[in-house]
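In what follows, chains are A, B, ... by sequence order, proteins preceding strands, each numbered from 1.
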Number of protein chains: 2
Amino acid sequence: MKSTTTRDEIIESADQLFYKKGFEKTSFSDIANKVNISRGNFYHHFKSKDEILSAVIAYRLEKTEKMLETWQLKGKSPFERIQSFIHILIVNLSKIKLYGCPVGTLTTELNKLQHSSRGEATQIFSLFREWLKSQFNELGFKNHADNYAMHVLSRSQGIATLANTYHDEEFVHYEVKLLIHWLQNLKK
Amino acid sequence: MKSTTTRDEIIESADQLFYKKGFEKTSFSDIANKVNISRGNFYHHFKSKDEILSAVIAYRLEKTEKMLETWQLKGKSPFERIQSFIHILIVNLSKIKLYGCPVGTLTTELNKLQHSSRGEATQIFSLFREWLKSQFNELGFKNHADNYAMHVLSRSQGIATLANTYHDEEFVHYEVKLLIHWLQNLKK
DNA sequence: GTCTATATAATGATAGAC
DNA sequence: GTCTATCATTATATAGAC
């Protein structure tokens with residue numbers, strides 16, 4: 001029944017490869033090999049490499065939205081929910097150590113490439129930003145909600161970048177602790 | 001007399017292009033056009049693209065060392081010197097907004113490429129790290145000197161990444177202020 | 001929907017004249 | 001030291017058979 005299986009497989013494989021190797025370095029051959037189809041078959045599903053990128057970004061946007069919804073339901077307070085966000089640095093630590101943050105590294109790469117899809121990639125950031133902002137709003141920090149959201153995003157990005165640079169897990173644990181302390185002091 | 005002029009021009013042009021477009025995307029044609037030489041002439045000065053990368057990294061290491069020496073002499077206290085570091089986010093703001101941090105983005109890219117020179121790129125980070133560490137040491141934070149150095153690096157990286165993502169100057173000013181507050185509270 | 005060619009353009013790299 | 005010409009390889013992308 002499902003005729004979209006191959007298309008989905010392409011998206012998921014491209015998603016992983018773009019993360020691990022970068023968009024530019026990932027070739028059709030790389031993706032084709034991973035999915036086990038020929039390069040020619042490829043263009044039946046996507047007209048160009050840029051179309052795959054768009055599909056991958058859309059896929060990531062969907063996954064992010066679902067994750068935020070889960071955190072929204074699971075977290076009993078805005079405080080707990082923000083902690084869920086910070087905690088992905090620990091949950092995904094082994095991958096972050098190897099490849100950095102999937103959102104930050106893609107956005108940075110597309111920015112350098114002046115790629116037309118860089119705005120779409122930024123939207124992934126904005127999903128987190130708006131979600132965090134709404135948590136801080138709920139905590140009563142109405143004038144600084146966006147500033148605090150950006151602060152959490154910024155700290156997380158820095159942690160991911162240096163974790164990737166030095167492949168240092170201890171550093172991440174230390175910084176995550178600091179960031180949660182910052183959050184707790186904010187509550188006072 | 002100077003027979004290294006062309007070589008130096010190549011390095012400086014490559015340096016800028018690697019920063020603006022990324023290493024992978026920058027081609028020999030790009031560099032050759034900028035220097036106004038033919039692609040063939042190129043290989044008289046460098047055997048491969050990787051050799052240019054190595055030369056560019058060495059060039060950046062030199063420039064960084066000189067900058068750190070200047071800060072060391074100019075700053076009257078470790079506190080002032082650390083502020084010099086933080087302040088580059090403001091000094092280079094227009095470029096950071098467009099291309100991110102030259103150190104962080106190169107390191108991240110070379111990591112994804114699994115490039116053999118990624119260790120050399122990390123050394124640029126380590127220059128800053130060791131220098132900051134020595135400042136914190138001088139301030140008396142002997143047990144946490146490296147942690148604090150990494151913290152400053154981390155915060156700076158995050159700020160640069162989001163400044164690049166959102167092209168937001170106000171955000172950088174706000175975060176730099178926060179980081180300096182953090183530093184001042186540390187002194188107590 | 002999948003495959004095997006093949007077209008086309010760009011890249012890194014080399015050879016050899018001047 | 002600089003150039004032109006050329007090679008080999010790879011990449012995106014297309015055409016057409018099955």
Side-chain angles (χ1 to χ4, degrees), chain A residues 1-57 106 109-110 112-118 120-121, chain B residues 1-59 106 109-110 112-118 120-121:
Chain A
M1 275 294 193
K2 276 192 184 177
S3 59
T4 56
T5 302
T6 303
R7 189 191 149 91
D8 289 346
E9 272 186 62
I10 292 173
I11 292 174
E12 282 165 35
S13 294
D15 178 43
Q16 290 175 44
L17 285 165
F18 289 171
Y19 178 36
K20 293 181 181 175
K21 306 184 63 169
F23 167 71
E24 185 81 3
K25 191 67 189 301
T26 300
S27 67
F28 279 99
S29 301
D30 291 329
I31 307 173
N33 283 338
K34 188 151 187 167
V35 184
N36 253 319
I37 57 170
S38 68
R39 271 176 325 182
N41 183 6
F42 227 104
Y43 291 83
H44 176 75
H45 302 281
F46 297 95
K47 283 174 196 161
S48 69
K49 196 181 174 184
D50 288 351
E51 259 194 25
I52 302 177
L53 176 60
S54 281
V56 166
I57 294 175
L106 181 67
E109 182 183 1
L110 296 185
K112 293 231 193 234
L113 297 177
Q114 294 268 57
H115 197 285
S116 58
S117 288
R118 62 190 191 276
E120 305 167 40
Chain B
M1 274 298 194
K2 275 193 184 176
S3 60
T4 56
T5 303
T6 303
R7 189 192 149 91
D8 289 346
E9 272 187 62
I10 291 172
I11 292 174
E12 282 165 34
S13 294
D15 178 42
Q16 290 175 43
L17 286 165
F18 289 172
Y19 179 35
K20 294 181 181 175
K21 306 184 62 170
F23 168 71
E24 186 82 2
K25 190 69 188 301
T26 301
S27 66
F28 278 102
S29 302
D30 292 328
I31 307 173
N33 283 339
K34 189 152 187 166
V35 183
N36 253 318
I37 57 169
S38 68
R39 278 193 326 239
N41 183 7
F42 227 107
Y43 292 84
H44 176 75
H45 302 282
F46 298 96
K47 284 175 195 161
S48 70
K49 195 181 176 185
D50 288 350
E51 258 194 25
I52 302 177
L53 176 61
S54 282
V56 166
I57 294 174
Y59 174 67
L106 180 67
E109 182 183 1
L110 296 185
K112 292 230 193 236
L113 296 176
Q114 295 267 57
H115 196 285
S116 57
S117 288
R118 63 189 190 276
E120 304 167 41

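Taking only side-chain nitrogens and oxygens, B:Thr6 never comes nearer than 4.0 Å to OP1 or OP2 of D:dG1.
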Contact state string [nucleotides 7-12 of chain C, B base, S sugar-phosphate only, - no protein heavy atom under 4.0 Å]: ----SS
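Residues meeting the ring-ring contact (aromatic ring centres under 6.0 Å, His included) test with B:Tyr59, sequence neighbours left out: none. For A:Phe23, the ring-ring contact (aromatic ring centres under 6.0 Å, His included) partners two or more places apart in sequence, or in a different chain, are A:Phe18, A:His115. Scanning for side chain to side chain donor-acceptor pair (under 3.5 Å) contacts around B:Lys21 gives B:Asp30, with sequence neighbours left out. Taking the ring-ring contact (aromatic ring centres under 6.0 Å, His included) definition, one finds that A:Phe42 meets it with A:Phe28, sequence neighbours left out.
Sorted by first and then second residue, the pairs that involve residues 31-42 of chain A and meet side-chain hydrogen bond (donor to acceptor under 3.5 Å, both in side chains), not counting sequence neighbours, are A:Gln16-A:Lys34.
Summarising the geometry, the separation between CD on A:Glu9 and P on C:dG1 is reported as 14 Å, rounded to the nearest angstrom. Rounded to an integer number of Å, the gap from A:Phe42 CZ to C:dG1 C1' is 14 Å. Rounded to whole Å, atom P of D:dA13 lies 11 Å from atom CD1 of A:Ile31. Between the NE2 atom of B:His44 and the P atom of D:dG1 there is a distance of 4 Å, rounded to whole Å. We find that CG of A:Asn41 is positioned 16 Å from P of D:dA13, with the value rounded to whole Å. Spacing between atom CZ of A:Arg7 and atom C1' of C:dT2 amounts to 17 Å, rounded to whole angstrom units. Between B:Ile37 atom CD1 and D:dT4 atom P there is a gap of 12 Å when expressed in whole angstrom units.
Remark: the backbone N or O of B:Glu24 is not paired with any side-chain donor or acceptor of A:Glu24 at under 3.5 angstrom.
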